[in-house]
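Report on the structure given below.
Numbering starts at 1 and runs along the sequence shown.
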Amino acid sequence: MQFAEYRAFEVQRQEASNAMMGLLAGAQLASHLLQLTEGSDTLLPEVFPRVPHIRRFNLRTEAALSILQSADTHLGAMSVPYALALHEDFLKTCVGLLIRDGRAPANAGSAVLAQLHDAIETATGMTFDADSIIQIDTIRLMRNATIHSGGRAHQALVDKVALWTSTAEAGWVRIAKKSLAGIAVDDRVEFGHPELILTLAVTKSLGRQANVILRDSLSRNLWAKLVIEDVLAEEPGVLNRHQLERKAAGKARRHYAALKLTDAELMAALRVVLAST
């Protein structure tokens, strides 16, 4: 099952992933290209005058190569917070649906990333995968160290890594190819391509888990309303009652099949939604 906001999150996540990978690949492609001019004293704007904004990169080949070859770390430091922000926004949407269904208090909507998974678990009585949670908490604290602690490990990060299970560490090492076990306060924290891949993998997994938790937790009445709202959002103001009924049934089969919503449930929701518009 994939409700509208989850589908939107998946599209955003994939687009962000493609953009990040494109930037990383572009830096390496540029690095290989610059090797053709190695040894030249000519500045890059003179070699590539038609490249937009090249004058902001007004360097000789040797200096440019050094920057491009270390681009992974800089792009990772910028990209990981973006990936986490997308995940946080989706989780806020999930909490918003739980509030709407009366399963979470209104103040849960002000939760931040460090609290959102707990808020969903508390509201539903269901749990996320423990290893995924400790991994994203670690990534979040690495981000905080980068932004707030000059890229140095703080005590909160050290304490979190100390709580790693063997399976959480194995999952981390499988993607990142290195472990944080033994990290100490003031150790350098760096994001690179492996950490970015890890972040994308963990947020993808947790997003799917949140989708399942909501599937099994929200009331059928709300799900039926969400199907109707999904249809209306895609084709606002152009459908008559018969078209709405037909498209709602098709939408329910396509994106909400796991719920097995009945025609009666959909029609009841349609009446409520239309009455409120």
> Between Lys92 and Ala111, is there a donor-acceptor pair closer than 3.5 Å when you use the side chain of the first and the backbone of the second?
Replying inline: yes
> Any sub-3.5 Å donor-acceptor pair from His154's side-chain atoms to Leu157's backbone N or O?
Replying inline: yes
>> Using 0.5 Å steps for rounding, measure from the CG atom of Leu98 to the CD1 atom of Ile120.
In response: 6.5 Å
>> Rounded at 0.5 Å granularity, tell me how far CD in Glu195 sits from CD1 in Ile139.
In response: 9.0 Å
>> Donor-acceptor check, side chain of Glu245 to backbone of His242, threshold 3.5 angstrom: yes or no?
In response: no
> How close do Val161 and Leu180 get, heavy atom to heavy atom, and via which atoms?
Replying inline: CG1-O, 3.5 Å
> With no hydrogens and no angle check, is any side-chain donor or acceptor of Ser79 less than 3.5 Å from a backbone partner on Gly76?
Replying inline: no
> Can you check whether Ala27's main-chain N or O pairs, donor with acceptor, with Ser31's side chain at less than 3.5 Å?
Replying inline: no
> Does some side-chain heavy atom of Val80 sit less than 4.5 Å from a side-chain heavy atom of Met142?
Replying inline: no
> Where do Leu97 and Leu226 land on the side chain to side chain contact (heavy atoms under 4.5 Å, CB included) test, with the steps shown first?
Replying inline: CA-CA 10 Å; Leu97 290 175; Leu226 291 173; 3.9 Å; yes
> Given Leu266 and Leu270, is the side chain to side chain contact (heavy atoms under 4.5 Å, CB included) satisfied, shown in steps?
Replying inline: CA-CA 6 Å; Leu266 292 171; Leu270 177 59; over 6 Å; no
>> Can you tell me how far apart CG (Leu222) and CG (Asp101) are? Round to the nearest 0.5 Å.
In response: 4.5 Å
> Shortest non-hydrogen contact from Thr203 to Arg13?
Replying inline: OG1-CD, 4.3 Å
> Do Tyr6 and Arg208 come close enough that some side-chain heavy atom pair is under 4.5 Å?
Replying inline: yes
> Given side chains that start at C-beta, do those of Arg188 and Arg152 come closer than 4.5 Å, heavy atoms only?
Replying inline: yes
> Shared ILVMFWY cluster between Val185 and Leu163, side chains joined below 4.5 angstrom?
Replying inline: yes
> Are Leu84 and Ile136 close enough that some pair of their side-chain heavy atoms sits under 4.5 Å apart?
Replying inline: yes
> Quick check: does any side chain N or O of Asp187 sit under 3.5 Å from a backbone N or O of Ala153, one acting as donor and the other as acceptor?
Replying inline: no
>> Test of understanding: clusters of I, L, V, M, F, W, Y form through side-chain heavy atoms closer than 4.5 Å, transitively. Do Leu29 and Met20 belong to the same one?
In response: no
> Within a strict 4.5 Å, meaning less than it, do heavy atoms of the Leu206 and Ile133 side chains meet?
Replying inline: yes
>> Using salt bridge (charged side-chain N to carboxylate O under 4.0 Å, His left out), reason through Arg7 and Asp230 one step at a time and then give a plain yes or no.
In response: CA-CA 11 Å; Arg7 300 197 306 272; Asp230 199 344; 3.0 Å; yes
>> Would you say Phe128 ends up clustered with Val212 if hydrophobic residues are merged whenever their side chains have heavy atoms under 4.5 Å apart, either directly or through other cluster members?
In response: no
> Side-chain heavy atoms under 4.5 angstrom apart, residues restricted to Ile, Leu, Val, Met, Phe, Trp, Tyr: same cluster for Val51 and Leu44?
Replying inline: yes
> Is there a donor-acceptor pair under 3.5 Å between the side chain of Lys177 and the backbone N or O of Arg174?
Replying inline: yes
> Out of curiosity, Thr167 OG1 to Asp129 CG, how far, rounded to the nearest 0.5 Å?
Replying inline: 8.0 Å
> Mind checking whether Lys251 and Glu234 have side chains closer than 4.5 Å, heavy atoms only?
Replying inline: yes
> Relative to the ring of Phe9, is the ring of Phe90 parallel (under 30°), tilted (30 to 60°) or perpendicular (over 60°)?
Replying inline: parallel
>> Just by distance, no angles: are the side chains of Gln14 and Asn18 close enough, under 3.5 Å, to form a donor-acceptor pair?
In response: yes
>> Can you give me the closest heavy-atom contact between His87 and Gly207, atom names plus distance?
In response: CE1-N, 4.0 Å
> At what distance, to the nearest 0.5 angstrom, does CG of Asp216 lie from CE of Met126?
Replying inline: 4.5 Å
> What's the verdict on side chain to side chain contact (heavy atoms under 4.5 Å, CB included) for Arg143 and Leu113, showing C-alpha distance, side-chain angles and the deciding distance?
Replying inline: CA-CA 12 Å; Arg143 176 204 62 185; Leu113 181 56; 4.3 Å; yes
> So, for Val189 and Ala145, which heavy atoms are closest and what is the spacing to 0.1 Å?
Replying inline: CG2-CB, 4.3 Å
>> Do Arg103 and Thr124 make a side-chain contact, defined as non-hydrogen atoms from C-beta onward lying under 4.5 Å apart?
In response: no
> Do Leu24 and Tyr82 share a hydrophobic cluster (ILVMFWY, side-chain heavy atoms under 4.5 Å, transitive)?
Replying inline: yes
> Does the side chain of Gln155 come within less than 4.5 Å of Val158's, by heavy atoms?
Replying inline: yes
>> I'd like to know if the side chain of Asn58 reaches the main chain of Leu43, judged simply by a donor and an acceptor atom lying under 3.5 Å from each other, with no hydrogens or angles considered.
In response: no
>> Quick one, Glu265 with Lys260, criterion salt bridge (charged side-chain N to carboxylate O under 4.0 Å, His left out). Give me CA distance, side-chain angles, the key distance, then yes/no.
In response: CA-CA 10 Å; Glu265 288 173 317; Lys260 295 183 171 58; over 6 Å; no
>> Please find the pair of heavy atoms, one from Asp137 and one from Lys160, that lie closest to each other, and give the distance.
In response: OD2-NZ, 3.6 Å
> How about Gln209 and Ser205: does a side-chain donor come under 3.5 Å of a side-chain acceptor?
Replying inline: yes
>> Would Arg254 and Gln2 count as a side chain to side chain contact (heavy atoms under 4.5 Å, CB included) here? Give the steps.
In response: CA-CA 9 Å; Arg254 182 178 181 186; Gln2 296 184 338; over 6 Å; no
>> If I take atom CD1 from residue Ile175 and atom CD1 from residue Ile197, how far apart are they, to the nearest 0.5 angstrom?
In response: 8.5 Å
>> Give me the atom names and distance for the closest heavy-atom approach of Gln135 to Ala168.
In response: NE2-O, 3.0 Å
> Can Trp164 and Ser179 be said to form a side-chain hydrogen bond (donor to acceptor under 3.5 Å, both in side chains), step by step?
Replying inline: CA-CA 10 Å; Trp164 277 11; Ser179 174; over 6 Å; no
> Are more than 12 heavy atoms from other residues, nucleotides or ligands located less than 6.0 Å from atom CZ of Arg55?
Replying inline: no
